[in-house]
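Below, read A as the first sequence line, B as the second, and so on, with proteins coming before strands; counting in each chain starts at 1. Treat the numbers as computed from the prediction; the structure is a model and nothing was measured.
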Amino acid sequence: MKRTTILCASVMALVALMLLPTVASADTFDAAGAESLTSVGINTMWVVVAALFVMFMQAGFAFLEIGFSRGKNAGTIVAKILMNFSIAALMYWAVGFALAFGGTGELWGSTGFFLRDFGDPSVAFPAMSFSDVTVDGKFFFQFTFCAVSLAIVWGTTLERVKFGVYAIYAVVFAALIYPIGSHWVFGGGWLQANLGMQDFAGSTAVHLIGATGALAVLLLLGPRRGKYGADGRPRPIPGHNMPLFGLGILILWLGWFGFNPGSTLGALDGRFPEVIIVTQLAASAGVIMAIITSRLLMKKIDIGMAGNGAIAALVGITAPSGYVSPWAAVIIGAVAGVLVVVSVLAIDRKIDDPVGALSAHGIAGIWGTLACGLFTNPALADYNAVGEGGLFYTGSFHQLGVQALGVVTVFAFVFVASFITFFLIKKTYGLRVTADEEDAGLDISEHGMYGYPEQFIPAPELVGVGPVQTPAGATASSGMKPSEVPA
Amino acid sequence: MKRTTILCASVMALVALMLLPTVASADTFDAAGAESLTSVGINTMWVVVAALFVMFMQAGFAFLEIGFSRGKNAGTIVAKILMNFSIAALMYWAVGFALAFGGTGELWGSTGFFLRDFGDPSVAFPAMSFSDVTVDGKFFFQFTFCAVSLAIVWGTTLERVKFGVYAIYAVVFAALIYPIGSHWVFGGGWLQANLGMQDFAGSTAVHLIGATGALAVLLLLGPRRGKYGADGRPRPIPGHNMPLFGLGILILWLGWFGFNPGSTLGALDGRFPEVIIVTQLAASAGVIMAIITSRLLMKKIDIGMAGNGAIAALVGITAPSGYVSPWAAVIIGAVAGVLVVVSVLAIDRKIDDPVGALSAHGIAGIWGTLACGLFTNPALADYNAVGEGGLFYTGSFHQLGVQALGVVTVFAFVFVASFITFFLIKKTYGLRVTADEEDAGLDISEHGMYGYPEQFIPAPELVGVGPVQTPAGATASSGMKPSEVPA
Amino acid sequence: MKRTTILCASVMALVALMLLPTVASADTFDAAGAESLTSVGINTMWVVVAALFVMFMQAGFAFLEIGFSRGKNAGTIVAKILMNFSIAALMYWAVGFALAFGGTGELWGSTGFFLRDFGDPSVAFPAMSFSDVTVDGKFFFQFTFCAVSLAIVWGTTLERVKFGVYAIYAVVFAALIYPIGSHWVFGGGWLQANLGMQDFAGSTAVHLIGATGALAVLLLLGPRRGKYGADGRPRPIPGHNMPLFGLGILILWLGWFGFNPGSTLGALDGRFPEVIIVTQLAASAGVIMAIITSRLLMKKIDIGMAGNGAIAALVGITAPSGYVSPWAAVIIGAVAGVLVVVSVLAIDRKIDDPVGALSAHGIAGIWGTLACGLFTNPALADYNAVGEGGLFYTGSFHQLGVQALGVVTVFAFVFVASFITFFLIKKTYGLRVTADEEDAGLDISEHGMYGYPEQFIPAPELVGVGPVQTPAGATASSGMKPSEVPA
Amino acid sequence: MKLVVAYIRHEAFEPIRQELLELGFPSMSITEVKGSGRQKGVTEQYRGSSVTNYLRPKVKIECVVATGDVQTIVDSILRHARTGSIGDGKVFVLPVEQAYRIRTGESGEETLQSHPDPAAAV
Amino acid sequence: MKLVVAYIRHEAFEPIRQELLELGFPSMSITEVKGSGRQKGVTEQYRGSSVTNYLRPKVKIECVVATGDVQTIVDSILRHARTGSIGDGKVFVLPVEQAYRIRTGESGEETLQSHPDPAAAV
Amino acid sequence: MKLVVAYIRHEAFEPIRQELLELGFPSMSITEVKGSGRQKGVTEQYRGSSVTNYLRPKVKIECVVATGDVQTIVDSILRHARTGSIGDGKVFVLPVEQAYRIRTGESGEETLQSHPDPAAAV
Ligand SMILES: Nc1ncnc2c1ncn2[C@@H]1O[C@H](COP(=O)(O)OP(=O)(O)O)[C@@H](O)[C@H]1O
Ligand SMILES: Nc1ncnc2c1ncn2[C@@H]1O[C@H](COP(=O)(O)OP(=O)(O)O)[C@@H](O)[C@H]1O
Ligand SMILES: Nc1ncnc2c1ncn2[C@@H]1O[C@H](COP(=O)(O)OP(=O)(O)O)[C@@H](O)[C@H]1O
């Protein structure tokens, strides 16, 4: 019954809310009532529409993981993504958003819990005050980023983690870890405000944070049974469905057109289409280089690698997307495409990352953040009023150093916080299912039914529970000639 | 050949159109020509974009049904959704929209057939005159709602209904039943205009109407063969594909961000992001409570229940989404999440609703409508100029009573109209395929081919029709060593 | 190693870019910096959002092809779509866009390579100067069209083409063939500027061009092994997954709501919702007529035909969508629905087009283009300032003649250019995999792993590489009773 | 010892399994096979062309029993698998020379001993 | 009575089925099996690591016939299944002691009688 | 000649295949079967109702060998397939009267000759 108690933690949050004074809502509403201006309308619409595409990335991550899992572990991912997305929403609304954007604290924010009583929005959320988008619009957009970061965490845990682990860590991650980490980078925290670290849409703040959590849990979880032979050599455990994997990649690619260009937090300055172009060029270069690298290193064009190349390039261009010119985007994406293939092959030798999350989000996230230090266009640094031009333009290593410092500190914070969290979970609830459950698959053992019953349950069992119901001979002609089918 | 005659009914509509005077189009065009205003542009864009997300919900319903069906009945759902969506468009354009929104009739509207000759839009469609969105934009948005309502109907009929039934009922539903029912609730009919019933985006007008049709057909159709044992106890007939079910849920969730916030029919008042937040919080609470309830009642976290919880909560918040505050949304969603699990388990004992449509759209739709009577924020009731605050704020049962009356009358009308329609179909064309066809599956019996041929046709049959075409030995080495593959 | 050398061609492009002077970006940025106007913001937002829906059509084409392929050839389509989409982006950015829209050349444009140094946008890209959308927005929108056209090409090549062929032709197509062909039709080239050919969103410029390339490669490639019996009669080679096919159709349908209405290149004139309605009505009529035709000709409602009907009608309405009235749209769609079924059945007798691309994009594209000559509403011809009213209104065959001339010349150019390209590929790299590889499937032979490993690799092989790792008896109880599962 | 091989309809399997279990014969193996016989095929259509599939899915039961028990098994199968219409299938009996229980390594007829309560074991 | 068991290539099955049908032997059962023999395996690769699959898909035909008919069946199989290259497969003949037709309950060789027109029946 | 039929666990197959290969018996066929025996079933739940699946997946090995080699094969299987817990499976030996190699048409025990290097062939 442990699991129940765990899940109940989430209920607490709900109960708490119900006790809130009903006046609560008023604020939000009045706040909005006033803002009936054209500019607000246009910018808010863009940010909200962008947020919807980012929200859809949940499906992208789900199918990327489903495709890379074996059929016996495919269904649980659906329950996981639904639960995580839900917990993230409640936690980020109750606590996370306030910590991430509420006020000017160097380490964390402090106003706007439950989106209430924050007074003047531009004062309450200074890091986003350059935009006139409504607070609700900004909140929803930022929440979808939190959900993306959380989704990235689980890529390394497929096929063996206990279901309850998702719930427990999700609460901590969405309420504390992600908000604090992202606050430093683009919520007005010390890295951004004091040092001028550049991370336009979150190569570090979203992707590296997620990948760092993924690394922490993987180290405590260990590889899937059978992943490494007696000789310690890695064995292939092929994912069961490349088409669904492809669906995931294409949905993620689409979502990125909300992710990066939406981070302009406005449409009227005409910047967002440029960000889209930069994003597309990088992704394209990434796919092509990943395919070529895979062909050269593995003699085959690995389908998964082509997809990883797209993701890695998109992650790589996330931080620079608002700071670099198209030509630089091509380079950034191309490098990410090569990096991810090499990294996946190297990592696979020792630790078991079924979807390549450490490479596609971690390594590529680091590369993307550092790339600002190399390629940031001074004109765009000024335009965004964050940091300065990159080495390539200025010849100065300053920005590159700032970026590196940001990567290191954020990684350190998230890794320590996550490792502690997962360590405590391991000692109490446990991280991993039993060997028998792992062999049987998470769908049947955690959810009581296979995700693809017809693949695992013999037809005679599926039809015949108890004596036959059908009139004798009914099925004898179930192979009807067309003419036998009443038209 | 019966089926053909039936389908031909649909053709009539087309033929009719071709005879219309060509001047027709002019109106529409001129009407739009004038409206070149910023506000119109912004608001129309939002409503149209929202409508596109709602349109995509067709895929959501399709995959929810596909996932919950057995593999032998998966393909037919594709043909069904395409045909239904198409019939709905032509019928709603020709007749439905006019009945739903054309004028101030208490029972039904009367202007705007074929979107023609309606004169001044604000006079012609008074219920939506508060918005300056173009008539074409409003029409498309409302049509997508009709299509959603129709899609809900079929959830109870999977794996045994005759294909033609979809076509016949779709014509009646999109032309008469839905337009009249929705007119009462949010088209300016008696419930809305005279009593002030609150249903922001259609918990009753869209979801309950659909679910009521679903109940009517189910009562006449009966359960799937083998669903109930000789002892009358329900047996599991597991859906064949949980990942595709999950795709459906995630697409529906995304679509709801067009469904509820789009119902503001405008972007400039800054309300739509608040509606999105309210929607997201409710859905999240629904998923979490459904998972907990499923864990407690069934000892397992049923994947389908997690998804049903999301849908039920989204349906539940549909009516209140424009009237309540975030904290109330959490309660509404949480209750819906508990309700749906209990309801599915209870209903399954006696009648066979494969996807849980009666619970997720019916029970939850009723709950959502009544929830307005409990939680409507007076400030928002005034803002929308419909009804008054809920019991929770005003202490008065009035609004709750109005909501209840609305639920009862709409249910009664739709149930009677649908039952009669399906009864007539049963007596003439027939509702259900033969036992043999049901055993063989709808794909092969209705469409002549399996949706997954490789699952049902033995490989030797698939390759070998007639003598071998391949040069002797060709396949002997079809297991080539990599090196054997010309690079 | 041939394949590598081929792929490396693509790298050249990248390398080239890296050598560009860094000043490059400046232009783009400044250009945008100035345009901070409401109108620009609104119109750009609409065009960009529309472009995102069009971009998603890549997933639509991928799943349409996946559904229509056998399971052994499903995975390669994922790698293909990612690579093609990427190559198209880099080529269209570097060369294509300039040729398609840069300047007033009758045969091709000449300014805006790499989106650089084009000076005043309205002068540089005259064909789109009627719209105030930013150049970046216009570029991304037009690029997504190029990618759609390229995706159409491959429908005829499934299950037998060599992977490298995609890459080589994609470079030529996105850099030269599509840009030049589309320049003639809607880039300001001779057909549009001199003759007033009407093609609002590309029935000819996008769909016919793609289908023409598809015909060229098919003629050189030949049918799939086993498609035609010893007696020369076609045999069914059923696609493996109708649900995924349906996903493709629904995504494409959604994408078309960006494709056609986005071609208004603006939102403020209120035209785009009308275009959406026209598009929806045509598609609906197409589905219904395709279903009826299939029922009459084949005695069954072929699922694929229902989907082809939707696509054909959408292709058919693409050119007229900005020129015709709703009633005409219904006729255009209905005719396309009938045409596509008849055409698929006829073409299948002789040449092997697995997805029906020649019919749904070619025949329907021609029909749609000619339909303008019949149904164009004079008021809309004036409004768009292109050509004149159709035969149906004016009684004059002039516009119809212009449309026909456009179809013929564009077809001729694209066919010759494509045939030569594919012919050269065939003589050098080769077009087709070996018989053994085709029998084994493209996934295993081109990518080294099946797209659905569990379908092709026996379970004992999947679990048991080398000695058993699991403690004796571990799996003996892998069928645990619920109680045996630690809760 | 004999090997009883039966080709039957899917729906017939469960009742047979249950009766044999009650009779003390829990052990058997089944395979999904495709059978051709007197039964009609199913005609499939796809985009205009059609093909007939003459093979119909059947369940093959294999059960090795002591010679003395053969008739019991056969009778049970004949009783439950019979609908009276074409496609009911066939039962064949083949000789078996030796049998081993892998778990214990023991061989001979005793490896086929019926177990009183099969469900009791893990 | 004898049980003829053959392991063949997929493509070979249909011609064999058709000839046996013409010869009056419509009844048989087939199973998809994986076979190992002299044939090479297929090497699969996935994200860098690779594995070789030594089992190749084959079709197993089972056909019980009267002793007198065995040679006819075997010859037909040998004729059509032969490509001359490794992997063609094998044919085995096993003794069958008894046979029953479930539909009628009758037993013995007559249950194997070839039917003139199998397609005629429902 | 004899037909050795074994019902074993999935994990046991690969070691057996490898040993038999080394011993010079590369040729065999396997089928995925579902077995019922003393082993417990798996209980599945779905939306409230539940069902127990008593059939457990097993691998069936079929290997025809010369009479003299039977014991070698059986011993190898018994050695590798044994975990000591319920569900290990069974091995049966059936008589085979004739064998043919399709590729060459030759018949008799020589068709079963073990090949020194099976991997060498194409
Ligand atoms: N001689 C046989 N050898 C192998 N399998 C057979 C034989 N005869 C029948 N079967 C199996 O029994 C099934 C039913 O046989 P069929 O002839 O269709 O019905 P009936 O026995 O009632 O005439 C066939 O599909 C096939 O699987
Ligand atoms: N002794 C055997 N026992 C069982 N199956 C066998 C035996 N020998 C061959 N087979 C089956 O025949 C197939 C082909 O045999 P193989 O040795 O590859 O070809 P060939 O017979 O031409 O040497 C194998 O894949 C296997 O399924
Ligand atoms: N008499 C039999 N006939 C056919 N198959 C059998 C027989 N006995 C056992 N099997 C097969 O062996 C498998 C394991 O048998 P089981 O009784 O569960 O284990 P054990 O032999 O250790 O008691 C069964 O699942 C079944 O496939």
Side-chain angles (χ1 to χ4, degrees), chain B residues 3-4 7 10-11 14 17-18 20 24-26 28-29 32 35-36 38 40-42 44-45 48-49 52 55-56 58-59 62 66 74-75 78-79 82-83 86 89-90 93 134 136-137 139-140 163 244 299 447-449 451-454 465-467 469-470 474-475 477-478 480 485-487, chain C residues 1-3 38 42 46 49 53 71 225-226 229-230 235 238 240-243 245-247 249-250 254 257 267-271 273-274 276-277 280-281 284-285 287-288 291-292 295-296 300-303 306-307 310 325-327 330-331 334 377 379-380 393 434-437 439-440 445 482:
Chain B
R3 186 171 299 154
T4 323
L7 285 176
S10 326
V11 194
L14 308 193
L17 304 179
M18 305 186 181
L20 291 176
S25 65
T28 342
F29 177 61
E35 313 170 323
S36 299
T38 302
V40 173
I42 298 171
T44 301
M45 198 195 308
V48 166
V49 169
L52 296 190
M55 175 268 168
F56 197 37
Q58 293 295 312
I66 285 169
V78 170
L82 292 176
M83 185 177 70
S86 300
L90 293 172
W93 168 64
T134 69
D136 307 280
F139 165 79
F140 187 67
F163 196 78
L244 290 185
K299 298 224 178 6
H447 303 285
M449 178 50 74
Y452 302 109
E454 293 168 359
V465 183
Q469 299 297 304
T470 74
T475 42
S477 61
S478 68
M480 71 292 300
V485 185
Chain C
M1 300 317 295
K2 259 219 215 104
R3 186 172 299 152
T38 302
I42 297 172
W46 167 244
V49 169
F53 286 102
R225 279 161 54 79
R235 294 172 178 171
H240 82 294
N241 196 317
M242 283 303 106
F245 163 79
L247 176 63
I249 296 295
L250 287 164
L254 172 67
F257 290 133
L268 282 177
D269 66 357
R271 283 281 300 139
E274 300 179 20
I276 284 183
I277 292 175
Q280 174 66 26
L281 292 178
S284 303
V287 169
I288 292 168
I291 284 177
I292 293 172
R295 181 74 181 72
L296 294 177
K300 291 283 181 184
I301 295 173
D302 187 281
I303 297 167
S325 307
W327 67 269
V330 175
I331 299 173
N377 181 328
L380 289 164
Y393 291 83
T434 66
D436 292 353
E437 292 174 288
D439 289 334
S445 55

K.L.:
Just wondering, do C:P326 and B:W93 contact through their side chains at under 4.5 Å, heavy atoms?
P.N.:
yes
K.L.:
I'd like to know which of C:A267, C:G71, C:A310 tops the heavy-atom pair count under 4.5 Å against chain B.
P.N.:
C:G71
K.L.:
Could you state the interatomic distance from OG1 (B:T134) to CD (C:E274), rounded to the nearest 0.5 Å?
P.N.:
7.0 Å
K.L.:
Looking at every heavy atom in both C:L281 and B:A89, which two are closest together, and how far apart are they?
P.N.:
CD2-O, 4.2 Å
K.L.:
Is there side-chain contact between B:L90 and C:I288, with heavy atoms separated by less than 4.5 Å?
P.N.:
yes
K.L.:
Could you work out, with side chain to side chain donor-acceptor pair (under 3.5 Å) as the rule, every residue matching C:S284, not counting sequence neighbours?
P.N.:
C:Q280
K.L.:
State, to 0.1 Å, how close B:T44 and C:P273 come at their nearest heavy-atom pair, and which atoms those are.
P.N.:
CG2-CG, 3.5 Å
K.L.:
Taking the side chain as C-beta and beyond, is there a heavy-atom pair between B:V48 and C:F257 under 4.5 Å?
P.N.:
no
K.L.:
Could you look at B:M55 and say if it's the side chain, the backbone, both or neither that has a heavy atom under 4.5 Å from chain C?
P.N.:
side chain
K.L.:
Looking at B:T38 and C:L268, what are the two nearest heavy atoms and their distance?
P.N.:
CA-CD2, 3.8 Å
K.L.:
Is the side chain of B:Q58 donor-acceptor paired with the backbone N or O of C:L250 at a distance under 3.5 Å, no angle test?
P.N.:
no
K.L.:
Kindly compute the distance separating CZ (B:F140) from CD1 (C:I277), expressed to the nearest 0.5 Å.
P.N.:
8.0 Å
K.L.:
Do C:H240 and B:E454 touch side chain to side chain, with heavy atoms closer than 4.5 Å?
P.N.:
yes
K.L.:
Just how far is it from atom CD1 of C:I301 to atom CZ of B:F163, taken to the nearest 0.5 Å?
P.N.:
4.5 Å
K.L.:
At a heavy-atom distance under 4.5 Å, which candidate from C:I249, C:V49, C:L247 has the highest pair count against chain B?
P.N.:
C:L247
K.L.:
Relative to chain C, which segment of B:L82 carries a heavy atom at a distance below 4.5 Å: side chain, backbone, both, or neither?
P.N.:
both
K.L.:
So, for B:G451 and C:P243, which heavy atoms are closest and what is the spacing to 0.1 Å?
P.N.:
O-CD, 3.9 Å
K.L.:
With a 4.5 Å cut-off on side-chain heavy atoms, are B:M45 and C:I42 touching?
P.N.:
yes
